Number of protein chains: 2
Amino acid sequence: MIIDRNSPIPQYFQLQTWIIEHIEQGVFKPDEKIPTEEEFSQMTGLARATIRQAIQNCVNMGYLYRKRRLGTFVIKQNLNVNKKTIIGVMVPDIRTGYAPELARGIGDEAAANKHSIILCNTDDFYIKTNFHADNLIEHNVSGVIYVPTAASDEKNRMILEKFTRKNIPVVLADRVIPDANVDYATTDNFQGAYELTKYLVNKGHKRIAVILSTLFSTERQRFDGYKQALSDSNIPFDPSIVVADQGPFLENFYIKYVKKLLDDNNITAVFAGHDRIAYLVYTVARQSGLRIPEDISLVGYDDLPSSSSHPVRLTTMHQPIYEMGKQSMKLIMSRINGDVSEPQKVILKSYLVERFSVRTIHN
Amino acid sequence: MIIDRNSPIPQYFQLQTWIIEHIEQGVFKPDEKIPTEEEFSQMTGLARATIRQAIQNCVNMGYLYRKRRLGTFVIKQNLNVNKKTIIGVMVPDIRTGYAPELARGIGDEAAANKHSIILCNTDDFYIKTNFHADNLIEHNVSGVIYVPTAASDEKNRMILEKFTRKNIPVVLADRVIPDANVDYATTDNFQGAYELTKYLVNKGHKRIAVILSTLFSTERQRFDGYKQALSDSNIPFDPSIVVADQGPFLENFYIKYVKKLLDDNNITAVFAGHDRIAYLVYTVARQSGLRIPEDISLVGYDDLPSSSSHPVRLTTMHQPIYEMGKQSMKLIMSRINGDVSEPQKVILKSYLVERFSVRTIHN
DNA sequence: ATTGTTTAATTGTCTATACAATAATACAAA
DNA sequence: TTTGTATTATTGTATAGACAATTAAACAAT
């Protein structure tokens, strides 16, 4: 080892750099003893106080620890390894839809690995999302699980980039951002909606209304699955029994839509974009004196936990939301642990839960 | 200033302690210059190197900064002030009951103050709570909002003590720990249940069944309110139409309880300990061919957000859960900002939401 | 008025030395 | 075998002094 005595760089600094490099390159191995102050003194020709200064700085930075009479040693853990990590979780609203279930799946997997989660509500607004993103970065989160907002793909990509610039891995949950180069965990909404529609067709339904929002990638895919299933069943697509709203789910708007659907058409079944819409359909239908499934059949999508105890006994597509949470946590942990492979796509299987909201029609 | 040269405490350490104390007590003010090394040397009689060691440690700890030729100065910010804080939030299960609403209230208030929350699910188990408590402490949270578990008061106090030992302020939300010397935010469950029972009595009901768990302080208080209201109305308390379970809410058990209640007695109304029980009562009653409110009246407690869209149209006691979340966050922030006054008790007002699950009886 | 130079105060780096405290190890005593 | 004691390597604390680097401020030159 050569200390350059003519360099403007302080000699203690040269020495501490040399030590740190040797640790990081594995020359000094964890828990291994490094030379004593006296040895360093002989090696470098520096005074002991100078050597102490270098070593002390390494101790302060967490590279070394010292024991009287025994010497100076390299710290075992790689600094980051035993440091418990925090994962940011950004959902639209922890109160609504599947968010609680997702948060719980994420939380359980996190707890099992001694990690913690910071929870943020984006309300599907870019501004709030942006605020929380900055916040998470300031808190030095090790990774982020992100349910993309209803905002434009462009804006979602900006959020993504914020994290990637700081080398913080991100996993998308449920919703997807087109062409984004990140891991995600979702379900096959196209396939699910396809099966659900086919199920209605097989029960003899031909005039199947649909009501959903195209604001979210998931519901768009469900819409596509619905159309494909109709097409494959040689049932014409009728825009007059379709409500494809472009905004968020606002009850008052949807009540109007449902009323119009139920009044104006001789539909036999309604495909609701998600369970909450389905319950709304039920409530409105009831007020109009229509019974489910006697007068009109109804299917939802999600199978919210409350669905099992709800009096509607809704036939719906069960989404493994809890499992999705666990999987996204696993993805993010893999990235934190240094996995640099291609983006992973975890697509979970949904399955139909047949309850009592669909009637068989004999044509 | 006196350095005790006979003390076993190193002299550099005595000096750095003295400096830090002077900073924290405001003798050395932010951005103010402290004595030069030379001055310290004269004041203490210590060598410059010793003084440097003390000062350098203060610099490393973030108390001081130095400028060549200018001197050594106290750091502006009080370390904690501009550091965004993290608050631990421990709820039983983010998926169930009012937890999502509470978490959202807490989260919104936190976000408004640039704070973040770490969410933990205790499942009402002491072991999990203990695990998360340790975790939160390791993450250096600035405060904790805690919904006490269903475990014994003794164990809840042990959890509390963990935090107080580390000087981490705790605020209890919803549930209370007797004799614990901490802030809390809750509602008056006794008063609420009293009003609710009186409401039923005023509607002509005399045989009012009750079904709840005595595991939680909240439900115990509701039970007391119920009994007091009966007593004040000169209605005898009949244990045969009372289900006071001692365990957690397990659907299968409660279904049995409800069946027995509905079969065996000529009750006219059911007071359910919380909305989820009420929905269960509704479902079971329906299966037995009983209509609500025509055949039997039903009230719940909580007014869960889903209640408004639920087909039961449940009359229930609305709890300002969201507000409770905001208030607990405010309490914890006040403590973080150094409030050392007596424990604060925030008791929020519940109010009756009259829907269509109670029939008037004319005797 | 601007630019360059000097001065002096203060922190930054470094040497050389001394003794204290700690704790593994070997050895002696009970 | 256990307990106590001495040895010794190593880090911890402390002193005294020297020179380097930085920079505000004063002063000088243009």
Side-chain angles (χ1 to χ4, degrees), chain A residues 1-20 22-23 28-76, chain B residues 1-20 22-23 28 31-76:
Chain A
M1 167 183 28
I2 307 137
I3 296 287
D4 182 355
R5 298 186 93 98
N6 300 318
S7 163
I9 299 164
Q11 297 169 48
Y12 80 94
F13 194 88
Q14 293 183 42
L15 177 56
Q16 82 185 43
T17 306
W18 182 91
I19 293 172
I20 290 171
H22 273 61
I23 292 171
F28 293 153
K29 296 188 182 63
D31 250 348
E32 204 177 80
K33 191 183 174 201
I34 70 167
T36 65
E37 294 178 352
E38 184 53 36
E39 284 166 342
F40 268 125
S41 183
Q42 279 164 24
M43 287 158 74
T44 59
L46 298 174
R48 212 184 124 215
T50 308
I51 287 157
R52 280 186 66 72
Q53 193 176 1
I55 292 181
Q56 193 52 53
N57 283 343
C58 293
V59 170
N60 290 340
M61 286 188 283
Y63 286 99
L64 300 173
Y65 65 93
R66 326 191 70 183
K67 279 194 175 176
R68 263 189 181 160
R69 145 79 226 214
L70 296 181
T72 305
F73 304 83
V74 178
I75 274 195
K76 280 179 278 277
Chain B
M1 166 183 31
I2 308 136
I3 296 287
D4 182 355
R5 299 187 94 99
N6 300 317
S7 163
I9 298 164
Q11 296 168 47
Y12 79 95
F13 194 88
Q14 292 183 43
L15 178 55
Q16 82 185 44
T17 306
W18 184 89
I19 293 172
I20 291 171
H22 272 63
I23 293 172
F28 294 154
D31 251 347
E32 202 177 83
K33 192 182 173 201
I34 69 167
T36 66
E37 294 179 352
E38 183 53 36
E39 284 165 343
F40 269 124
S41 183
Q42 280 165 23
M43 287 158 73
T44 60
L46 300 174
R48 210 184 125 216
T50 308
I51 287 158
R52 281 186 65 71
Q53 192 176 0
I55 291 181
Q56 192 53 53
N57 283 344
C58 293
V59 170
N60 289 340
M61 285 189 282
Y63 286 99
L64 300 173
Y65 65 94
R66 325 191 72 183
K67 278 194 178 177
R68 264 190 180 157
R69 146 76 227 219
L70 296 182
T72 304
F73 305 83
V74 178
I75 275 194
K76 279 179 277 282

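None of the values given here were measured: they were computed from a predicted structure. Letters A, B, ... are given to chains in the order of the sequence lines, protein chains preceding strands, and every chain is numbered from 1.
Gln16(B) contributes no side-chain N or O that, together with a main-chain N or O of Phe13(B), makes up a donor-acceptor pair within less than 3.5 Å. In this structure, the side chain of Ser41(A) does not engage the main chain of Ala47(A) through any donor-acceptor pair within 3.5 Å.
Residue Thr50(A) places at least one side-chain N or O under 4.0 Å from the OP1 or OP2 atom of dT15(C). Contact check, Arg66(B) against dG12(C): a side-chain N or O comes under 4.0 Å of OP1 or OP2. For dT11(D), one of the phosphate oxygens OP1 or OP2 lies less than 4.0 angstrom from a side-chain nitrogen or oxygen of Thr72(A). An OP1 or OP2 oxygen of dA9(D) is reached within less than 4.0 angstrom by no side-chain nitrogen or oxygen of Arg68(A). Proximity of Lys67(B) to the phosphate of dG12(C): no side-chain N or O atom is located under 4.0 Å from OP1 or OP2. OP1 and OP2 of dT17(C) both lie 4.0 Å or more from every side-chain N or O belonging to Arg48(A).
Glu37(A) places its CD atom 16 Å from the P atom of dT17(C), with the value rounded to the nearest Å. In this structure, Leu46(A) atom CG and dA16(C) atom C1' are separated by 13 Å, rounded to whole Å. Atom C1' of nucleotide dT13(D) and atom CD of Gln53(A) are separated by 16 Å, given to the nearest angstrom. Here the C1' atom of nucleotide dC19(C) and the CZ atom of Arg52(A) are 13 Å apart, to the nearest Å. Rounded to an integer number of Å, the gap from CZ of Phe40(B) to C1' of dT11(C) is 14 Å. Across the protein-nucleic acid pair, Ile55(B) atom CD1 and dA14(D) atom P stand 15 Å apart, rounded to whole Å. Atom OH in Tyr12(A) sits roughly 12 Å away from atom C1' in dA21(D) (whole-Å rounding). For Gln42(B) and dA9(C), the CD to P distance is 13 Å, given to the nearest whole Å.
Between Trp18(A) and Phe40(A), the two ring planes are perpendicular [angle over 60°; tilted spans 30° to 60°].
Looking at which nucleotide of DNA chain C each of Glu38(B) and Ile51(A) is closest to, the 5′-most match is held by Glu38(B).
Using a cut-off of 4.0 Å between Lys/Arg side-chain N and Asp/Glu carboxylate O, Arg66(A) and Glu37(A) are scored as salt-bridged.
If you check dA24(D), dT13(D), dT13(C) against the side chain of Leu70(B), the one that comes closest is dA24(D).
Residue Phe13(B) is out of contact with every strand shown, counting any heavy-atom pair closer than 4.0 Å. In this structure, Gln11(A) reaches the sugar-phosphate backbone alone: every heavy-atom distance under 4.0 Å involves primed, P, OP1 or OP2 atoms, never a base.
For the atom pair OG1 of Thr44(B) and CD1 of Ile51(B), the computed distance is 4.0 Å after rounding to the nearest 0.5 Å.
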